[in-house]
Structure formats: C-alpha cells, structure tokens
Amino acid sequence: MGIIKDTFKAKADIANAEIKDLLKEHGNKKIGEVTLAQAYQGMRGITGLVTETSLLDAQEGIRFRGYTIPELQEKLPKAEGGQEPLPEGLFYLMLLGELPTEADTDHISSVWQRRSHVPAHVFKVIDALPISAHPMTMFVSGVMALQTESNFAKEYAAGLNKKDYWNPVYDDAMDLISRLPHIAAYVYRRKYKNNEHIQPNGLLDWAGNLAHMMGYTDESFKELMRLYMTIHADHEGGNVSAHTTHLVGSALSDPYLSYAAGMNGLAGPLHGLANQEVIKWIFEMQEKLDTKVPSKEQIEQYVKDTLAAGKVVPGYGHAVLRKTDPRFQAQMEFGKKHMPNDELCQTVWNIYETVPPILQSLGKIKNPWPNVDAHSGALLVHYGLVEYEFYTVLFAVSRALGVLASLCWDRALSFPLERPKSVTTAAVKLWLEGKEEIWE
Ligand code: CMX
C-alpha cells in the first residue's frame, strides 16, 4: 500500500473503534428534535449526518478539520514562489486530519500526476455532445464515461468483503481527483478554444496544471486556481453536492457515480451554478445601464428590479451561514492584492455595500450577506476567463477534494445505506388529529 493509504487505514481503524465505543455508551442520546416545518422546508437545522472533513459555523464560516481559511492560507504548503495554499495539502488535511509537510504535499502532487491518464473514450463521449451543451453536462458526461475505470465496481462485481470496501474506494477517489483537471480543461478548450487542446505538464501541481491545460500561463492565475481549488473544496456534509455524493455512495454506487450525482446537484442555480449567474447578472446590468461601472444608486435600483421580477439576487444568502462568507472575503483580498483597480471587482465590492441592506429590509431573508459565488467570476474575468457558463466546472473540480475524501471515510467507517423516513401530508393531518402515529 502507498504511504497515505497506510496512514488512512491506521487512522480509520482507530476512528472505527472510538465510534463503536461512543455509540455503545451514548447511542441513544438525542442530538436534536425535528419540527413539522423542518420536514416541509428543506430540513434546515436538522442534525442527521456525520461528515469528518469540515464543519460549518453559522457565524464564523467553514473550518476544515478545525482550521479556518486564513489559517489554511498561513499553514498549508505553497508552490515554489507562491503565496496561496496548495489544494493537495488541503486534501491531505481533510483525509488524515493532520497538517501536511511540504514533502507530504509534494508526494500527493506526484501521485496525482502519475494517476492522471484519461482514456480516449472519455473524450469521445464529450465530443459526441453538441457544442451548445452546457459545460457541466459535458463535464459530468466525461466523469460518467470514466466510470469504466472504477476499481470498486470491478472488485465488488468479483466479490469484495465489506471490510475492504474502503480500499478500492480510496483508489477510485485518488484516480478520479487526478483525472478531473484534464477533463475540465478538455471541456473548456473544446467549447471555447476551437477544440485545440494543451497536454498536461508533468512538472506542475494539480491546480497549476489545470490552469496550464486551460491555456492560462499567467503565474497569478495559477495562484488564483490554487486558492480557488482550496476554498471551494468542502462545506460540511449537508449541502446538495456533498450530501448527494454521500447519499448515492451509501447505496455502494462507486465514487465515479456518486461524484457525478453530486455534481449534477452542484449544477443547480441555487448551489454552484450561482457563480455563473452572478456574472451573467452583472453583465446584464452593465448592458442595460450602458456602463461598465454602475453607480451604487444604479446598482440599488437594479437589485430592486431583480427582486420585483421574482428572481433571487445571485451570490447572496445561505442556508446555514449568517455572515459574510469567509470564502468571499478570501477572494476579495486576492482581488485587492492582484487587481485593485479592476472595474468588475470594484462593481462586486459596490454590490457588497449595496445589496445586504436591501435584502435585510425585506424581512424574510435569513442571511443578506454574500456567499462564495458572489466574487469568483470577477477574478476569473480579470484573467480573460469570460466564458461564465464554465465557472461551475471549476467549482466541481475543487468540490471533488471534499466529497471524495468524505466518501473514503464513509466506507472506512462502514456507514450504512442512508434512508430517512418520509411522511405524506395526509398522514400528517391524521397525526395532528391524534388518529395515527406516523414515525414508527
Ligand atoms: N435573493 C432574493 N431572495 C432570497 C435570496 C436572495 N439572494 N436569498 C433568500 N431569498 C428568499 C428565499 O427565496 C425565500 O423566499 P420565499 O420565502 O419567498 O420562498 C426567503 O428569502 C427565505 O430564504 P432563506 O431561508 O433566507 O434562504 P434558504 O435557506 O431558503 O436559501 C439560498 C438559501 C442560498 C438558496 C438562497 O439564499 C438563494 O437563493 N440565494 C441566491 C442563490 C445563490 O447565491 N446560491 C449559492 C449558495 C452558495 C452555494 O451553494 O454555492
């Protein structure tokens, strides 16, 4: 076994024993109550999942194995001459629960390089789609085509002891993560760059190679990709992409199928697709007002028009967070450092000053503050990546790190099939009248 795999197995054995004892002693303790409103309204606030890789605090934001984003920026290893964390290091931290050394991060970079070959049929499947297909459709189709390579599916079919599920799941997770930058870059170059492709560079790190294969040579764009791939990687377990990956994986669907399912959820406009919606919305505002730099008064009116038309303001609000998303802040800091005079970033910052009081005044929105998607597009546009329909693919590549590290833990901890109870409104009415007990 490889070094990381051995360490992971040793840690999983310890965790398994601890959880067994914990459940033996405390398994009957209640960790929450469920109201009727929660059952009808998106299960907000119901604690019903265990996800080891990160934890979201409504006021403070995300912590990856206990570390905030600024702490990761300080403590995770960087590329030579770089200042942003390498996502390889974050993956190590999420998988093993410990900060990596530079040697650990380099090791993951080289393992991912070694495993990154994408078979030709994957590109043929992508090529079979019309050029008008959305990049997320092409990306997920590529991932589905890659499922032919699943070790878990093959070993399960051959007869795999349940104690060993974690082993091929781990290998699939590593293979899949390694191959995603090539698939993403292929989609980008096929759709937007005349189908002219760029071969991977065996000397680059994972995010740097993604930038390279997409055709972006600027060193600070590579730095942006390292930051981007780090901050979008995980947001605890209940968000649509993480929860879907976990749920589908609980049926013992292999990591390719599980991740593809999760990314179909990421492609929804209330989740990851909001990153394209933000830039689309700003471009439409610029066009309507015939200016690249709308004033705060103009922005205010445009926001009010958006709300009056029954639409959401993309990039604002969150199901759990109740303050400005630290992922937004990290990107704002990157913008202020690398492109302080960029007009589009300036507009994003003016929107940040304008939108929250308007949303707050509506009285129904629980979080009027920006989320991760409110800023990412403006940074990408600065480097010439104006094809906003592609943005969710970048989010998806990053999200693989969190959801697949979690999937390794799901199988290592032998989490069972997920199957919550549902009720009908007819049954609820009977229960309210005291005629039927519905939660048996
Ligand atoms: N603009 C307008 N209305 C909004 C809003 C926004 N940005 N955010 C919430 N609301 C509305 C909701 O639609 C809901 O309206 P109704 O009661 O009429 O149905 C009401 O405010 C209450 O919603 P909430 O409890 O505050 O928020 P939810 O937990 O239901 O939804 C989210 C969270 C993210 C879906 C929502 O804030 C939203 O639609 N935001 C815009 C889309 C977006 O940026 N999504 C990306 C989230 C981050 C990510 O996953 O990538």
Side-chain angles (χ1 to χ4, degrees), residues 35 37-46 51 54 56 58-59 61-62 69 136 228-245 262-282 284-285 299-331 348 351-352 354-380 388-403:
T35 64
Q38 286 174 312
Y40 274 95
Q41 293 169 346
M43 298 193 277
R44 296 292 185 286
I46 297 178
T51 300
S54 66
L56 181 57
Q59 298 304 327
I62 193 70
I69 287 173
M136 278 301 279
Y228 187 113
M229 293 295 137
T230 300
I231 63 176
H232 286 78
D234 209 33
H235 218 223
E236 75 171 28
N239 66 77
V240 171
S241 52
H243 188 188
T244 305
T245 307
M263 294 313 106
N264 283 325
L266 190 77
L270 296 189
H271 192 14
L273 200 85
N275 60 9
Q276 78 164 43
E277 296 301 288
V278 168
I279 286 301
K280 185 166 166 249
W281 181 76
I282 296 177
E284 283 168 1
M285 166 161 59
I299 294 171
E300 200 175 310
Q301 190 52 50
Y302 191 71
V303 170
K304 288 181 178 161
D305 292 347
T306 302
L307 294 169
K311 299 182 202 162
V312 294
V313 178
Y316 281 75
H318 199 272
V320 180
L321 268 173
R322 295 294 175 255
K323 62 161 248 179
T324 296
D325 193 329
R327 300 172 298 175
F328 175 90
Q329 273 165 330
Q331 295 179 92
V348 166
I351 293 171
Y352 179 32
T354 315
V355 167
I358 302 176
L359 292 184
Q360 222 147 15
S361 72
L362 297 180
K364 66 169 184 178
I365 295 174
K366 296 192 192 69
N367 178 38
W369 303 107
N371 58 55
V372 65
D373 301 314
H375 209 310
S376 51
L379 301 179
L380 298 169
Y388 53 74
E389 283 197 342
F390 185 74
Y391 294 171
T392 312
V393 174
L394 293 177
F395 196 155
V397 175
S398 168
R399 191 42 65 101
L401 302 178
V403 300

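As the structure lists them, so they are numbered: ligands from 1, and atoms in each ligand from 1. This structure is a prediction, so every number in the text was calculated from the model and none was measured.
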Take atom 32 (C) of ligand 1 and look for protein heavy atoms under 4.0 Å from it; say yes if you find one, no if not.
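No.
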Counting only heavy atoms on the protein side, is anything nearer than 4.0 Å to atom 6 (C) of ligand 1?
yes
Non-hydrogen side-chain atoms of Asn275 and Phe390 separated by less than 4.5 Å:
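Answer no - side chains too far apart.
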Asp234 vs Ile62 side-chain heavy atoms within contact, under 4.5 Å
no
What do you reckon, does [X] have a nitrogen or oxygen under 3.5 Å from a nitrogen or oxygen of ligand 1?
X: Leu270; result: yes
X: Gly315; result: yes
X: Arg327; result: no
X: Lys311; result: no

Counting only heavy atoms not in Lys323, do more than 12 sit closer than 6.0 Å to its NZ atom?
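Above 12, so yes.
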Which is closest to atom 26 (O) of ligand 1 in terms of heavy atoms, Lys364, Gln41, His232, Lys366?
Lys366
Pick from Tyr316, Phe395, Trp369: the one approaching atom 41 (C) of ligand 1 most closely through a non-hydrogen atom:
Tyr316
Relative to ligand 1, is [X] under 4.0 angstrom through side chain, backbone, both or neither, heavy atoms considered?
X: Ile365; result: both
X: Asn371; result: side chain
X: Ala274; result: side chain
X: Leu362; result: neither
X: Glu277; result: neither

Report, in ascending order of atom number, the atoms of ligand 1 lying under 4.0 Å from any heavy atom of [X].
X: Leu307; value: 2 (C)
X: Val313; value: 1 (N), 2 (C), 6 (C), 7 (N), 41 (C)
X: His318; value: 33 (C), 34 (C), 37 (O)

Between His235 and Ser54, does a side-chain hydrogen bond (donor to acceptor under 3.5 Å, both in side chains) hold up when you go through it step by step?
CA-CA 6 Å; His235 218 223; Ser54 66; over 6 Å; no
Do any N or O atoms from the side chain of [X] and from the backbone of [Y] form a donor-acceptor pair under 3.5 angstrom?
X: Thr244; Y: Ser241; answer: no
X: Asp325; Y: Pro370; answer: no
X: His232; Y: Tyr228; answer: yes
X: Arg44; Y: Gly42; answer: yes
X: Glu284; Y: Trp281; answer: no

For [atom], what is the closest protein heavy atom, and at what distance to 0.1 Å?
atom: atom 50 (O) of ligand 1; value: His271 ND1, 2.6 Å
atom: atom 42 (C) of ligand 1; value: Pro269 O, 4.0 Å
atom: atom 13 (O) of ligand 1; value: Val312 CG1, 4.3 Å
atom: atom 28 (P) of ligand 1; value: Arg44 NH2, 3.5 Å

Atom pair CE (Met229) and CG (Leu401), whose distance is rounded to the nearest 0.5 Å:
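Rounded to the nearest 0.5 Å, the CE-CG separation comes to 8.5 Å.
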Enter the distance from Gln301:CD to Thr354:OG1 here, rounded to the nearest 0.5 Å.
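Atom-to-atom, Gln301:CD and Thr354:OG1 are 12.0 Å apart.
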Given Arg327, which of Thr230, Asp373, Ile231 fulfils the side chain to side chain contact (heavy atoms under 4.5 Å, CB included) condition?
Ile231
Assign the ring pair Tyr391 / Tyr388 to parallel, tilted or perpendicular, where the plane angle (0 to 90°) is split at 30° and 60°.
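Plane angle over 60°, so perpendicular.
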Could you tell me if any non-hydrogen atom of Asp373 lies under 4.0 Å from any atom of ligand 1?
yes
Between ligand 1 and His235, can you find any atom pair, the residue atom being a heavy atom, that is separated by under 4.0 Å?
no
